[in-house]
Protein chains: 2
Amino acid sequence: MDHIDRALLAKLQEDATQSYAGLGQAVGLSAGAAHERVRKLRERGVIRRTTVEVDPAVVGGGVLAFVMVDSTSWMGDTAEDFAALPEIVEAHIIAGSASVLVKVRTATTELLQDVLRRIYAIDGVSGTQATVVLETFFERPVSPQA
Amino acid sequence: MDHIDRALLAKLQEDATQSYAGLGQAVGLSAGAAHERVRKLRERGVIRRTTVEVDPAVVGGGVLAFVMVDSTSWMGDTAEDFAALPEIVEAHIIAGSASVLVKVRTATTELLQDVLRRIYAIDGVSGTQATVVLETFFERPVSPQA
DNA sequence: TATGAAAATTATAGAAC
DNA sequence: GTTCTATAATTTTCATA
């Protein structure tokens, strides 16, 4: 993981469809060398996968909310319970008064309410505190350049 | 945007490196038809970009935190101020007592503290309330299948 | 690790149905 | 939308330094 690898990661985050020839040129390497470095980054798990960014509003995720989930018991083994709700796009165990923080995307606020109801049904959950997003400034990948 | 388009989006989210032949086979289309549909999805902006998922811990983002930002004034035009901090990977205007919610990735908690200090320096910010993530259950893209 | 080139695969565009 | 065709471009492998 030198500065060239970080530059490759940054370029691929911008656009993963570009050719290895173009990638190599951008970082001062031949196409073959760029290919080999990217192959190793994938092999090592630094690059987890190549994916597409989909406009959430188009696929029924126009409403975004963050939900603090309060609980009365240890939530460390409830990952599958949260993962079972497809509207939940992130779930984290947090330090603080609440114990789980989830990010939810639904088409409407009515569906958000339904997700809250289903979160409430998870074992150990004693309450939810939802914060609705009015406007997203930006969402971007972690910067490898820093 | 029919069910085939949604299936294509789901498949591409899983792995955007697969061939159009394989994609088409997965959704019951010829390679040419799959290619044309994906081209239109990109053209319409449903697919915003093709990118790689990078392991945050490897590129200096091992510490994840959500920060509620309190303010004394209208924060609607502060997007650039938050975007100027590379450790901030998301920033949202929210409904509720705080006015901005940001997601931050840093290498250490010391660097998180430094980011909080720089957030505090943004015009109108009157306070921050950071919640550190102890464990991430999952982070996944919005499901086009729902 | 990098390079340069060969070989295999895929993308891309178009014609006919 | 499918199938077929054809070319360009790219991926992937490999010999070599």
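Below, chains carry the letters A, B, ... as their sequence lines are ordered, and counting in each starts from 1. For the numbers below, each heavy atom of this structure counts, side chains included, while hydrogens, waters and symmetry mates do not.
- The CG-P distance, from L12(A) to dT11(D), rounds to 10 Å in whole Å.
- Remark: P of dG1(D) and CG of D2(B) are 8 Å apart, rounded to the nearest angstrom.
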For the pair S71(B) and S126(B), evaluate side chain to side chain donor-acceptor pair (under 3.5 Å) and give the outcome as yes or no after the intermediate values. CA-CA 5 Å; S71(B) 68; S126(B) 59; 5.8 Å; no
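- Using a 4.5 Å heavy-atom cutoff, the side chains of F137(B) and T78(A) are in contact.
- At the phosphate of dT12(C), OP1 or OP2 sits under 4.0 Å from a side-chain N or O atom of H35(B).
- Remark: the backbone N or O of F138(A) is not paired with any side-chain donor or acceptor of T136(A) at under 3.5 angstrom.
- Taking atom CE on M1(A) and atom P on dT1(C), their separation rounds to 13 Å, with Å as the unit.
- What separates CD1 of I4(B) from P of dG1(D) is a distance of 7 Å, to the nearest Å.
- Closest to the side chain of S19(B), out of dA2(C), dT2(D), dA11(C), is dA11(C).
- Rounded to whole Å, atom P of dA5(C) lies 19 Å from atom CD of E36(A).
- A 4.5 Å side-chain heavy-atom check between R140(B) and E90(A) finds every atom pair outside the cut-off.
- As rounded to whole Å, 14 Å separates atom C1' of dG4(C) from atom CG of L29(A).
- Per the geometry, CG belonging to L8(B) stands 10 Å off P belonging to dG1(D), to the nearest Å.
- Under 4.0 angstrom from either OP1 or OP2 of dT11(D) there lies no side-chain N or O belonging to R39(A).
- To the nearest angstrom, P of dT3(D) lies 19 Å from OH of Y20(B).
- Among the heavy atoms of the strands lying under 4.0 Å from A33(B) are primed sugar atoms or P, OP1, OP2 only; no base atom is included.
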